[in-house]
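What follows is a single structure, written as structure tokens, with notes after it.
The model shown is predicted, which means the values in this text are computed figures rather than measured ones. Protein chains get the first letters and strands the later ones, always in sequence-line order, with residue 1 at the start of each.
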Protein chains: 2
Amino acid sequence: MRQTRQRQLILEHLKRTANHPSATEIYDLVRQDLPSISLATVYRNLESLCSLGLAKKVETFGGQKRFDAIVADHMHAICTKCGKVRDIETEPEFKPEKLRSIDSDFEITGVRIDLLGICPECMRLQNQNKEEK
Amino acid sequence: MRQTRQRQLILEHLKRTANHPSATEIYDLVRQDLPSISLATVYRNLESLCSLGLAKKVETFGGQKRFDAIVADHMHAICTKCGKVRDIETEPEFKPEKLRSIDSDFEITGVRIDLLGICPECMRLQNQNKEEK
DNA sequence: CTAGGTGCAAATTATTTGCCGCGAG
DNA sequence: CTCGCGGCAAATAATTTGCACCTAG
């Protein structure tokens, strides 16, 4: 794969951004260094990084997909209000690898364990609204 | 909630269809009984069934969301090629209730465990293509 | 050089919404 | 009756694609 400035920057920002950015969030970040980049390029590169195994898609709530530069199996906590994603320390007994051995007709290639809920920020907003009523 | 023919049929088909249909698949099914129904109605009703707790969204690969009338926590096997979803028996050690206790700032409301892979059908297609080469 | 990558704009795909008339309760 | 609901078409949102030019190797 050819090494371009845009590809470099996209991967760099993806690695640096903890909360699993969406395509448009990466677009905004990269634009700070390279204002001429187009959103289409971001999508195309995220796609190719995924197929090279350098990134992974995270299916969230709220439409947009998010991306993750940590490709090893791990758990996520996903906010069902705002869609933000956070990595979770996995207790050894819940290691995703254990699930891979579960039998099925499927050729299992990966495992996804997500805790769904409300993140602290959204929780705070919710409580504020209640108080205002 | 008012009881309409369209709402009835949507829930009925959702319950009857094992592979977790998408909105358009439900639309096509319901149209066989009620040709005049509109896709918007299907979306609106699926949304309200979800908020009533009578259905659940399943986030898959391949754009479209899918829906599930089984609302109790359970695992899914999701095909990353065709997006089809199948229910999976959950090993006791991975019972969602156990996972809920994992600590985090999150107000955890649910757990999602998905095995990702290639379903038997897609696997067969893949092998056929190889032979043809 | 030249194939693969990029930017731009237009196209698709999935879903949501405004409006207005209708029918369940 | 009367409000919630449904149909239709238009609007959004997210992502993809065609094309002509550019550039890394």
Side-chain angles (χ1 to χ4, degrees), chain A residues 1-14 19-52 54-68 78 80-85, chain B residues 1-14 19-52 54-68 78 80-85:
Chain A
M1 183 156 66
R2 202 181 275 181
Q3 176 75 352
T4 63
R5 182 99 203 281
Q6 15 290 79
R7 192 160 289 158
Q8 244 170 47
L9 285 168
I10 288 169
L11 186 52
E12 218 168 88
H13 280 291
L14 185 59
N19 65 322
H20 307 68
S22 63
T24 45
E25 283 168 0
I26 293 178
Y27 176 53
D28 289 335
L29 289 169
V30 175
R31 255 198 309 183
Q32 292 169 15
D33 307 316
L34 186 64
S36 66
I37 196 173
S38 101
L39 183 53
T41 300
V42 173
Y43 273 108
R44 272 190 287 237
N45 277 315
L46 287 172
E47 198 52 54
S48 53
L49 288 172
C50 284
S51 52
L52 276 177
L54 293 172
K56 253 180 164 180
K57 286 183 194 153
V58 187
E59 317 280 319
T60 63
F61 294 80
Q64 287 185 311
K65 281 177 186 157
R66 289 170 169 272
F67 295 85
D68 188 348
I78 303 183
T80 53
K81 287 261 184 207
C82 66
K84 289 229 181 62
V85 178
Chain B
M1 180 154 69
R2 200 180 276 179
Q3 177 74 353
T4 63
R5 183 99 202 284
Q6 14 290 81
R7 192 162 288 160
Q8 245 170 47
L9 286 169
I10 288 168
L11 185 52
E12 220 168 86
H13 281 292
L14 184 59
N19 64 321
H20 306 71
S22 62
T24 46
E25 282 168 2
I26 294 178
Y27 176 54
D28 290 335
L29 289 168
V30 177
R31 255 198 308 184
Q32 292 170 17
D33 306 317
L34 187 63
S36 65
I37 197 175
S38 100
L39 184 53
T41 300
V42 174
Y43 272 108
R44 271 191 286 238
N45 276 314
L46 286 172
E47 197 54 50
S48 54
L49 288 172
C50 284
S51 53
L52 277 177
L54 292 173
K56 252 182 167 179
K57 286 183 194 153
V58 187
E59 318 280 318
T60 64
F61 295 80
Q64 288 185 307
K65 279 176 188 156
R66 290 169 169 273
F67 295 86
D68 190 348
I78 303 182
T80 51
K81 287 259 183 208
C82 67
K84 289 229 181 64
V85 179

| said: Which heavy atom of B:Ser38 sits nearest to which heavy atom of B:Tyr27, and what is that distance? | reply: C-CE1, 3.7 Å

| query | If you take all heavy atoms of B:Ile78 and B:Glu59, which pair is closest and at what distance? | reply | CD1-O, 3.9 Å

| said: Tell me whether A:Thr60 contacts the main-chain N or O of A:Gln64 through its side chain, where contact means a donor paired with an acceptor under 3.5 Å. | reply: yes

Integer-rounded Å distance: [N] [atom2] and [X] [atom1]:
| X | N | atom1 | atom2 | answer |
| --- | --- | --- | --- | --- |
| A:Arg7 | D:dG25 | CZ | P | 10 Å |
| B:Arg66 | C:dT13 | CZ | P | 16 Å |
| A:Asn45 | D:dT16 | CG | C1' | 14 Å |
| B:Ile37 | D:dA9 | CD1 | P | 16 Å |
| A:Glu59 | C:dA14 | CD | P | 14 Å |
| A:Phe61 | C:dA14 | CZ | P | 19 Å |
| B:Gln64 | D:dA14 | CD | C1' | 14 Å |

| query | Does some side-chain heavy atom of B:Gln6 sit less than 4.5 Å from a side-chain heavy atom of B:Val30? | reply | no

| task | Report, as a single string ordered 5' to 3', how protein heavy atoms within less than 4.0 Å touch nucleotides 16-25 of chain C: B base, S sugar-phosphate only, - not at all. | result | BBB----BBS

| Under the side-chain hydrogen bond (donor to acceptor under 3.5 Å, both in side chains) test, which residues partner B:Glu47, sequence neighbours left out? | B:Lys57

| remark: Applying salt bridge (charged side-chain N to carboxylate O under 4.0 Å, His left out) to B:Lys56 and not counting sequence neighbours gives B:Asp73

Hey, what do you get for [atom1] ([X]) to [atom2] ([Y]), rounding to the nearest 0.5 Å?
| X | Y | atom1 | atom2 | answer |
| --- | --- | --- | --- | --- |
| A:Leu11 | A:Leu54 | CG | CG | 6.0 Å |
| B:Leu29 | B:Leu34 | CG | CG | 12.5 Å |
| B:Ser48 | B:Arg2 | OG | CZ | 13.0 Å |

| Does B:Thr41 put a side-chain nitrogen or oxygen below 4.0 Å from OP1 or OP2 of D:dG7? | yes

| field | Options D:dC5, D:dG7, C:dG7, nucleotide nearest the side-chain atoms of A:Ser38 | value | C:dG7

| task | Go through residues 24-33 of chain A and report each residue with a non-hydrogen atom lying under 4.0 Å from DNA chain D, sorted by number. | result | none

| field | Pairs satisfying salt bridge (Lys or Arg N to Asp or Glu O under 4.0 Å), at least one member in residues 20-40 of chain A, at least two apart | value | A:Glu25-A:Arg66, A:Asp28-A:Arg31

| What does B:Ser22 touch in the nucleic acid at a heavy-atom separation under 4.0 angstrom: a base, only the sugar-phosphate, or nothing? | nothing

| query | Looking at five pairs on each end of the helix from C:dC1-D:dG25 to C:dG25-D:dC1, what is the angle between the two axes, given to 10 degrees? | reply | 40°

| said: Determine whether A:Ile10 and A:Ile37 satisfy the following criterion, side-chain contact (heavy atoms from CB on, under 4.5 Å), listing intermediate values before the conclusion. | reply: CA-CA 10 Å; A:Ile10 288 169; A:Ile37 196 173; 4.2 Å; yes

